[in-house]
Amino acid sequence: MLVLMGPPGVGKGTQAAMLEAEIGLPQVSTGDLLRAARRDGSDIGAQAGQYMDAGRLVPDELVVALIKRRLDLSDARQGAILDGFPRTVDQAEALQSMLAEQNRQVDRAVLLTVKENAVVRRILGRLTCASCNAVFHVESNPPRVAGTCDSCGDKLESRSDDNEEAIRTRLATYRASTEPVIGFYRSQGLLREVDGGQTVDEVFQGLQGALNH
Ligand code: AP5
């Protein structure tokens, strides 16, 4: 099981999708699962919505239940690329117990790092496809046809939490709640760091290197 960590907008989703195509393990993004739950009108989606729009973390018990259901699906039996989970030490401990029950474990945690002002630019220029979760950027990775997803042809949109106020809250939440998870994996010798401020392809090379060492 691989864990991809880093602040909002560092490129976790972009890199996880590339890694899925390369190694065949599914990308499991709690952000995408929660957004899908909101679109479906499920109870979890309704409860999560207010937290997400404000840039705050959805309560651990909701997210842990969601990830457990997802990791029990057959395509995740051989492992998965976890994107945006765990985000608190309690979530990291819950993941460890959940995997241990099935004789599984986290094999590597990779932290993508980048300067805060760069992530704000990345997030404010992001376009996402609500149908297939593909991610674009108005400048660094524009779609071939403006406003249209290259992968599935659906309409691209900005996420409801991609505004300056929510971004500031997401960064503060990351520092307070998620940075301690870095120490959790470092103390187990599982953590590697990759400079996420490089081009998408350079980051991907660094990520592949981090998985092999
Ligand atoms: P989530 O969807 O996980 O958002 P996030 O962590 O804030 O991360 P992002 O999706 O914003 O960024 P990313 O790192 O994936 O970057 P991306 O590849 O898109 O979570 C949203 C919300 O859901 C949370 O705030 C919370 O409320 C809730 N939630 C989710 N998981 C939770 C959990 N475990 N516990 C509790 N609550 C949870 O790239 C960003 C942009 O930059 C794109 O436009 C991309 O094209 C561009 N880009 C990417 N790489 C590069 C590059 N190298 N150079 C230039 N541009 C680049």
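Just follow the structure's listing: the first ligand is 1, and inside any ligand the first atom is 1. Only heavy atoms go into these numbers, but all of them, side chains included; no hydrogens, no water, no symmetry mates.
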Before signing off on this row, confirm whether [X] and ligand 1 have an N or O atom pair separated by under 3.5 Å.
{"X": "G84", "answer": "yes"}
{"X": "L57", "answer": "no"}
{"X": "G11", "answer": "yes"}
{"X": "Q198", "answer": "yes"}

Checking the side chain of R192 only, and the main-chain atoms of L211 only, is there a donor and an acceptor separated by less than 3.5 Å? no

Are any side-chain N or O atoms of T169 and backbone N or O atoms of E165, one a donor and one an acceptor, separated by less than 3.5 Å? yes

Tell me which one of [options] gets a heavy atom nearest to [atom].
{"atom": "atom 13 (P) of ligand 1", "options": "R121, K12, Q50", "result": "K12"}
{"atom": "atom 1 (P) of ligand 1", "options": "M5, M52, R87", "result": "R87"}
{"atom": "atom 37 (N) of ligand 1", "options": "T14, V58, T128", "result": "V58"}

Side chain proximity check, [X] to [Y], heavy atoms < 4.5 angstrom:
{"X": "D72", "Y": "M98", "result": "no"}
{"X": "E20", "Y": "P26", "result": "yes"}
{"X": "T148", "Y": "D154", "result": "no"}
{"X": "T173", "Y": "T178", "result": "no"}
{"X": "V200", "Y": "M18", "result": "yes"}
{"X": "M5", "Y": "L82", "result": "no"}

At a 4.0 Å threshold, what atoms of ligand 1 neighbour a non-hydrogen atom of [X]?
{"X": "V200", "result": "50 (N), 51 (C), 52 (C), 53 (N)"}
{"X": "F136", "result": "43 (C), 44 (O), 46 (O)"}
{"X": "G13", "result": "13 (P), 15 (O), 18 (O)"}
{"X": "D161", "result": "21 (C)"}
{"X": "S140", "result": "55 (C), 56 (N)"}
{"X": "V63", "result": "33 (C), 34 (N), 35 (N), 36 (C)"}
{"X": "R56", "result": "26 (C), 27 (O)"}
{"X": "R35", "result": "2 (O), 21 (C)"}

Nearest protein heavy atom with distance in Å, relative to [atom]:
{"atom": "atom 10 (O) of ligand 1", "value": "R159 NH1, 2.9 Å"}
{"atom": "atom 12 (O) of ligand 1", "value": "G9 N, 2.9 Å"}
{"atom": "atom 25 (O) of ligand 1", "value": "R170 CG, 3.9 Å"}
{"atom": "atom 9 (P) of ligand 1", "value": "R126 NH1, 3.2 Å"}
{"atom": "atom 43 (C) of ligand 1", "value": "V135 CG1, 3.4 Å"}
{"atom": "atom 31 (N) of ligand 1", "value": "T30 OG1, 2.8 Å"}
{"atom": "atom 42 (O) of ligand 1", "value": "R122 CB, 3.3 Å"}

In a table with atom names and distances, give each donor-acceptor pair under 3.5 Å that connects a side chain of residues 106-113 to protein atoms at least two apart or in another chain.
residue : atom : partner : partner atom : Å
D107    : OD1  : Q105    : NE2          : 3.1
D107    : OD2  : M1      : N            : 2.4
R108    : NE   : A210    : O            : 3.2
R108    : NE   : H213    : O            : 3.3
R108    : NH1  : L190    : O            : 3.4
R108    : NH2  : H213    : O            : 2.3
T113    : OG1  : V194    : O            : 3.4

For ligand 1, is there an atom lying under 4.0 Å from some heavy atom of [X]?
{"X": "E202", "value": "no"}
{"X": "Q15", "value": "no"}
{"X": "G6", "value": "no"}

Spacing of SG belonging to C129 relative to CD belonging to E157, to within rounding of 0.5 Å: 8.0 Å

Please name the residue in the list D161, D53, D43 that meets the salt bridge (Lys or Arg N to Asp or Glu O under 4.0 Å) test with R38. D53

List the atom pairs, with distances to 0.1 Å, where a side-chain N or O of residues 27-34 and a protein N or O form a donor-acceptor pair under 3.5 Å, not counting sequence neighbours.
residue : atom : partner : partner atom : Å
Q27     : NE2  : D83     : OD2          : 3.0
S29     : OG   : G31     : N            : 3.3
S29     : OG   : D32     : N            : 2.9
T30     : OG1  : G84     : O            : 3.0
D32     : OD1  : R35     : NH2          : 2.9

Ionic contact status for R175 with E116, cut-off 4.0 Å: yes

Taking 4.0 angstrom as the limit, do D195 and K115 come out as a salt bridge? no

Just wondering, are more than 12 heavy atoms of other shown residues or ligands nearer than 6.0 Å to CD in Q102? yes

Return yes when atom CZ of R39 has more than 12 non-hydrogen atoms of other residues, nucleotides or ligands closer than 6.0 Å, and no otherwise. yes

Ligand 1 versus Q91: contacting region, heavy-atom distance under 4.0 Å: side chain

Region of L34 engaging ligand 1 - heavy atom pairs below 4.0 Å: side chain

